Amino acid sequence: GYRVSLQGNFSGRNHTFVTFPEYNPREHIKLDPPLNLQSNATASKCQIWWSVWNVPWYLAEILQYELQYKEHGVSWEIALNKTPPSSLPQMEIEASELRRGIAYVARVRCKVSENENSYHSQWSEWSQTTLFQRADVPKLSEKILYTRTMQLLFIPLSFGTLLYLFWNCRLSQKASPALTFPRQLLSFSHSIVCTMGISR
């Protein structure tokens, strides 16, 4: 450890004041704030990552981060806090935690993990902010939705109509079923072709 003292001249006399009789720099660390805060928002989550500067490798592995995010334009006093599960400089926010159509601002700070006994530090200053917004799920257009609906309905309706025509021919036209059924089938096919042409 170190001994920290202050010396001064008061009333023409030199005085020495011992401020810290036993000072250990490992227990009084304050890191620089994280840099290059970036974000990427999708319809399911928002990924946020950053970097640290001027941090020795043996401290970078035991860092603890705190992320704050809030709606753009409101006070940081009502911001939400999140702690990453590891010392990796990244964080995810689920889409369910974000309101649709609202812009958010996030910032992050760091310190040595509280679970570390060899080093102790206070929180760094907050980083610069990053702006993000939840992405909406793309919606199908009405035309595509109508086309897919018609495709799904076409097969069962066609099968049911053909089955009806078949039994109707067998029951009502016993004299010449071989001639009547093809005519009705041809008429039905022509009707389907016309209907599909109009729907397009």
Side-chain angles (χ1 to χ4, degrees), residues 1-2 4 19-20 22-156:
Y2 297 85
V4 179
T19 306
F20 299 100
E22 189 69 25
Y23 179 79
N24 189 348
R26 291 188 173 192
E27 298 180 355
H28 302 275
I29 299 174
K30 184 173 181 178
L31 302 171
D32 293 327
L35 301 173
N36 303 322
L37 190 62
Q38 301 180 57
S39 59
N40 179 40
T42 65
S44 60
K45 61 186 176 182
C46 175
Q47 296 177 312
I48 301 177
W49 64 95
W50 56 88
S51 59
V52 290
W53 180 79
N54 199 24
V55 177
W57 63 268
Y58 51 86
L59 289 182
E61 296 179 349
I62 57 174
L63 289 184
Q64 173 182 343
Y65 298 99
E66 183 179 36
L67 178 85
Q68 273 192 343
Y69 69 99
K70 66 179 182 67
E71 295 183 10
H72 183 62
V74 303
S75 173
W76 283 108
E77 295 180 357
I78 59 174
L80 299 176
N81 297 339
K82 292 183 74 70
T83 302
S86 68
S87 60
L88 296 177
Q90 60 187 30
M91 186 74 188
E92 289 186 355
I93 303 176
E94 297 297 328
S96 57
E97 303 177 53
L98 305 173
R99 295 172 58 190
R100 189 171 299 172
I102 301 297
Y104 288 84
V105 182
R107 64 183 183 179
V108 66
R109 61 181 180 175
C110 64
K111 71 174 183 176
V112 175
S113 173
E114 296 177 352
N115 298 325
E116 182 61 38
N117 297 323
S118 301
Y119 302 91
H120 297 281
S121 72
Q122 57 181 304
W123 285 111
S124 70
E125 300 298 327
W126 288 104
S127 69
Q128 296 294 319
T129 61
T130 182
L131 186 68
F132 62 93
Q133 183 173 331
R134 172 183 173 181
D136 292 332
V137 179
K139 298 181 180 180
L140 292 176
S141 64
E142 294 183 0
K143 184 177 181 180
I144 296 177
L145 184 61
Y146 174 79
T147 303
R148 291 188 177 181
T149 304
M150 293 299 297
Q151 291 174 348
L152 293 175
L153 293 176
F154 176 75
I155 296 177

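A quick note: this is a predicted structure, and the numbers were derived from the prediction, not measured.
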Checklist entry - Given side chains that start at C-beta, do those of L63 and V55 come closer than 4.5 Å, heavy atoms only? => result yes

Checklist entry - Between atom OG of S113 and atom OH of Y65, what is the distance when rounded to the nearest 0.5 Å? => result 11.5 Å

Item to check | Of E66, K111, R109, the residue whose pairing with S124 passes side-chain contact (heavy atoms from CB on, under 4.5 Å) | outcome: R109

Checklist entry - So do S87 and I62 actually touch side chain to side chain, heavy atoms under 4.5 Å? => result no

Checklist outcome for this item: Separation between CD (Q68) and OG1 (T129), nearest 0.5 Å, reads 12.0 Å

Checklist entry - Nearest heavy-atom pair of Q133 and A41: which atoms, and what distance? => result O-CB, 3.1 Å

Item to check | From CA spacing to verdict: salt bridge (Lys or Arg N to Asp or Glu O under 4.0 Å), E97, K82 | outcome: CA-CA 11 Å; E97 303 177 53; K82 292 183 74 70; 3.4 Å; yes

Checklist outcome for this item: Shortest non-hydrogen pair, S39 vs L131, comes out as OG-O, 3.5 Å

Checklist entry - When rounded to the nearest 0.5 angstrom, what distance separates CG in L67 from CD1 in I93? => result 5.5 Å

Next on the checklist: So that I can tick it off, tell me whether K45 and E94 are bridged by a salt bridge, with the cut-off set at under 4.0 angstrom between side-chain N and carboxylate O.
Outcome noted: no

Next on the checklist: Other residues, nucleotides and ligands only: do more than 12 of their heavy atoms fall within 6.0 Å of CD on Q47?
Outcome noted: yes

Item to check | Heavy-atom closest contact (S51 atom, N36 atom, distance) | outcome: OG-ND2, 3.1 Å

Item to check | From C110 atom SG to E125 atom CD, the distance as rounded to the nearest 0.5 Å | outcome: 10.5 Å

Next on the checklist: Using side-chain heavy atoms (C-beta onward) and a distance below 4.5 Å, is F132 in contact with V105?
Outcome noted: no

Item to check | Over-ring placement of R107 relative to W50, 6.0 Å and 45° cut-offs | outcome: no

Checklist entry - Is S127 reaching over with its side chain to a backbone N or O of P33, donor-acceptor style, under 3.5 angstrom? => result no

Checklist outcome for this item: Rounded to the nearest 0.5 angstrom, the OH-CG distance for Y104 and L80 is 8.0 Å

Next on the checklist: To check you understand the geometry: which heavy-atom pair defines the closest contact between P84 and Q90, and what is its length?
Outcome noted: CB-O, 3.8 Å

Next on the checklist: More than 12 heavy atoms of other residues, nucleotides or ligands under 6.0 Å from CG of N117: yes or no?
Outcome noted: no

Checklist entry - Does any non-hydrogen side-chain atom of L37 lie less than 4.5 Å from one of V108? => result yes

Checklist outcome for this item: So CE of M91 and OH of Y69: to nearest 0.5 Å the spacing works out to 8.5 Å

Checklist entry - Do we get K30 above W123's six-membered ring, with its NZ or CZ under 6.0 Å from the centre and within 45° of the axis? => result no

Next on the checklist: Apply salt bridge (Lys or Arg N to Asp or Glu O under 4.0 Å) to residues R99 and E71 and explain how you reach the verdict.
Outcome noted: CA-CA 9 Å; R99 295 172 58 190; E71 295 183 10; 2.9 Å; yes

